[in-house]
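Below is one structure, written out as structure tokens; the observations come after it.
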Amino acid sequence: MRLLRWFIVIVFVITTALFATFYLKEKMTTDDTVPVITVDKELIEVSFHATDEELLQGVTAYDEKDKDLTDRIIVESVSKFLEDGVCKVVYAVCDNDNNVVNATRKIKYKNYESPKFYVEESLCYSIYDNIDISGAIQAKDCIDGDISRSIIVTSEDFTGSVAGVFNIEVSVTNSKGDTSTIKLPLVLEDRSLSAPVINLREYLIYADIGEQIDFESYLVDIQTKQQTEIPLESVRIESNVDMSKEGLYSVHYYVTDSSGAQGHSILNVIVG
């Protein structure tokens, strides 16, 4: 019994000594310091196509043990917009002992513009048309490019096959959470499908206040079912555009063929 007790004591002492040795060694080799990331400015302006290298300008990292860690900094994430054109970027760095730290700052995109809409055809139809505007309206964004697939079109008053002017709301959101919305008139008329078609080079334009626009220059050609051509000079243009005030306006183009059928196209103008 006495020998057993001595054996247990000796094993305990040896185990304790080994544990203490390994513990002290681990403590001596463990890095208790963590890196520090420093940013020279709390907000910087960059292009909306900025690379990680550009986003890292003015960002450095230092660790007491590993020294300069600037070349290890990565861009961990870039947020959606916090406000117009401003995002938060998150940086991260890891030292040799896997200590990870983060830092943040704001970036503002230079020359950023919200998504814009482009209309590919006149939103003026015959009540006998098979109306499908899903492909008529496009959207482009300076960050994401073509985002037409994200367009949502709604209307509270549209009634198919009934003549009238209806309101449609078109909205689209880019990857930064910026949403553009416009309300456009959709016109249905009781006119023949054989009526002449007035083609324009654009059906929605953006203009600055005070800008001078030649609406006649948007005419491209007139398609008819008749053998005779209709000169562009025959087109009558009516406009309610006020270039001194912000708003959505419409320019109407009318033409009548030899049989009395009237064609009608609309150019929508967003001023401001």
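- Closest non-hydrogen pair, L200 versus L267, comes out as CD1-CB, 4.0 Å.
- V241 places a side-chain heavy atom less than 4.5 Å from the side chain of V251.
- In this structure, K67 forms no cation-pi arrangement with Y62, as its terminal cationic atom is not both closer than 6.0 Å to the ring centre and no more than 45° off the ring axis.
- Smallest separation of non-hydrogen atoms from D178 and S114: OD2-OG, 2.7 Å.
- Taking both residues in full, the closest heavy atoms of A207 and M243 are given as CB-CE, 3.7 Å, listed atom of the first, atom of the second, then distance.
- With hydrogens and angles ignored, the 3.5 Å screen pairs a side-chain donor or acceptor of H49 with a backbone N or O of C142.
- Seen from the ring of F48, K110 does not count as a face-on cation partner, given the 6.0 Å and 45° thresholds.
- Inter-residue side-chain proximity for F117 and V170 is flagged as met; some heavy-atom pair is nearer than 4.5 Å.
- At least one donor-acceptor pair under 3.5 Å links the side chain of D129 to the backbone N or O of S126.
- No hydrogens or angles considered: nothing links the side chains of D144 and N174 as a donor-acceptor pair under 3.5 Å.
- At distances below 3.5 Å, at least one donor-acceptor pair connects side-chain atoms of D66 with backbone N or O atoms of N96.
- A salt bridge between K65 and D97 is present, with a side-chain N of the basic residue lying under 4.0 Å from a carboxylate O of the acidic one.
- Judged purely by atom type and a 3.5 angstrom limit, D141 has no side-chain atom pairing as donor or acceptor with the backbone of I147.
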Criterion ring-ring contact (aromatic ring centres under 6.0 Å, His included) on Y112 and F81, from CA distance to verdict: CA-CA 12 Å; Y112 173 78; F81 285 139; 4.9 Å; yes
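- Other residues, nucleotides and ligands contribute at most 12 non-hydrogen atoms within 6.0 Å of the CD atom of E53.
- Looking only at atom types and distance, the side chain of S171 has no donor-acceptor partner in the side chain of T181 under 3.5 Å away.
- At a threshold of 4.0 Å, the pair R105-D40 counts as salt-bridged, since one of the basic side-chain nitrogens sits closer than that to a carboxylate oxygen.
- A 4.5 Å side-chain heavy-atom check between L123 and P185 finds every atom pair outside the cut-off.
- Between the side chain of T70 and the backbone N or O of A61, at least one donor-acceptor pair lies under 3.5 Å.
- Distance alone, capped at 3.5 Å, is enough to place a donor-acceptor pair between the S148 side chain and the A139 backbone.
- Between E156 and N167, every side-chain heavy-atom pair lies at or beyond the 4.5 Å cut-off.
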